[in-house]
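First comes the structure, then the notes that go with it.
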Amino acid sequence: MLVNAKEMLDKALAGHYAVPQFNINDLEWTKSVLLACEEMKSPVILGVSEGAGKYMTGFKTVAAMVREMDKSLGITVPVALHLDHGTYEGSYKCIEAGFTSIMFDGSHYEIDENVAKTTELVAAAHKAGLSIEAEVGSIGGEEDGVIGMGECADPEECKRIADLGVDFLAAGIGNIHGIYPENWQGLSFDTLAAIKEKIGAALPLVLHGGSGIPEDQIRKAISLGVSKINVNTELQLVFARATREYIEAGNDRKGKGYDPRKLLKPGADAIIEECKNKIRLFGSDNKA
Ligand code: 13P
């Protein structure tokens, strides 16, 4: 069932686990993620970046596909359809397209402008029944063309954005999108604790760049109030690896192994397994 993400994240915060946001890129991806979450009885947030939305021919196509697939697969767990790192314009497009949740990423604006735009979008999202995530302190690395320096968020600025009525907050704590470099310093738990102290215990926090963070750091982040963890790159890596193995083994040349339904199956199955691993790590299994 498609729902907004507020209730599932409030429950996760109270229950000391994290809801996965798995980014989707195409129909197979969406199907794999939904099947894995249904099997594990985990709530899920389907993240759609602006680039992925464009690739899938627009947010309206994505919304229609997810809504129908949710029904045709008989999905019973709560599913939120969420814009990831949305622009100001993209946020409005997703509200109109029938998404159930948006992230407005105003982290690259001066804080006053981030506050002004977030204020407006909180009102627009809530009026339409959507949940809304905001961001302070850009996340490092690149997420579909959105490049951040990986700074740690200023707790004072987090408080200003948190007080606008956002439903969950992404705050940089040294996390990076994509593959972590060898010399990465790890998450800054001091920053995380300072942010939590400022914004109060009631607002769920979001950890972007969830791929490749050591498991002990993931668990500690959850214990300090992280209730949503975003994963994209690791799903792409397992998909690519499984597809490569299939082709390198010459399977596309055997029988009708070139049929896309066969060619893409190992990758789709690998996504299911990786989603299940993350769900176990985040503790969201049997929480739907
Ligand atoms: P990764 O690609 O590093 O898993 O990050 C995903 C993310 O944070 C999407 O917003």
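The shown structure was predicted, so the numbers you read here are calculated from the model rather than taken from an experiment. Numbering of ligands and ligand atoms starts at 1, following listing order.
Below 4.0 Å from some heavy atom of His177 lie the following atoms of ligand 1, by number and element: 3 (O), 5 (O), 6 (C), 7 (C), 8 (O), 9 (C), 10 (O). Those atoms of ligand 1 with a heavy atom of Val231 less than 4.0 angstrom away are 4 (O). Taking every non-hydrogen atom of His85 and a distance limit under 4.0 Å, the qualifying atoms of ligand 1 come out as 10 (O). Near Gly178, the atoms of ligand 1 lying under 4.0 angstrom from a non-hydrogen atom of the residue are 1 (P), 2 (O), 3 (O). Of all atoms in ligand 1, listed by their number and element, those nearer than 4.0 Å to a heavy atom of Thr233 are 1 (P), 2 (O), 3 (O), 4 (O).
Under a 4.0 Å N-O distance rule, the pair Glu96/Lys93 does not qualify as a salt bridge. Using a 4.0 Å cut-off between a side-chain N of Lys or Arg and a carboxylate O of Asp or Glu, Lys220 and Asp216 do not qualify as a salt bridge. Ionic pairing of Lys31 and Glu28 is not present here: no N-O contact between side-chain nitrogen and carboxylate oxygen is shorter than 4.0 angstrom. Contact check on Asp112 versus Arg160 returns a salt bridge, with a Lys/Arg side-chain nitrogen under 4.0 Å from an Asp/Glu carboxylate oxygen. The residues Arg241 and Glu245 are annotated as not salt-bridged, no charged nitrogen and carboxylate oxygen being separated by less than 4.0 angstrom.
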Decide yes or no on side chain to side chain contact (heavy atoms under 4.5 Å, CB included) for Leu281 and Arg219, but give the supporting numbers first. CA-CA 8 Å; Leu281 174 61; Arg219 288 196 192 93; 3.7 Å; yes
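With a 4.0 Å heavy-atom cut-off, ligand 1 is reached by no atom of Glu234. Residue contacts with ligand 1, taken as heavy atom pairs separated by less than 4.0 Å, involve Asp84 solely via side-chain atoms from C-beta onward.
Distances shorter than 4.0 angstrom do not occur between any heavy atom of Gly47 and any atom of ligand 1.
Annotation: Asn23 places no N or O atom under 3.5 Å from an N or O atom of ligand 1; distance criterion only.
Between the side chains of Glu120 and Tyr92, a donor-acceptor pair is found at a separation under 3.5 Å.
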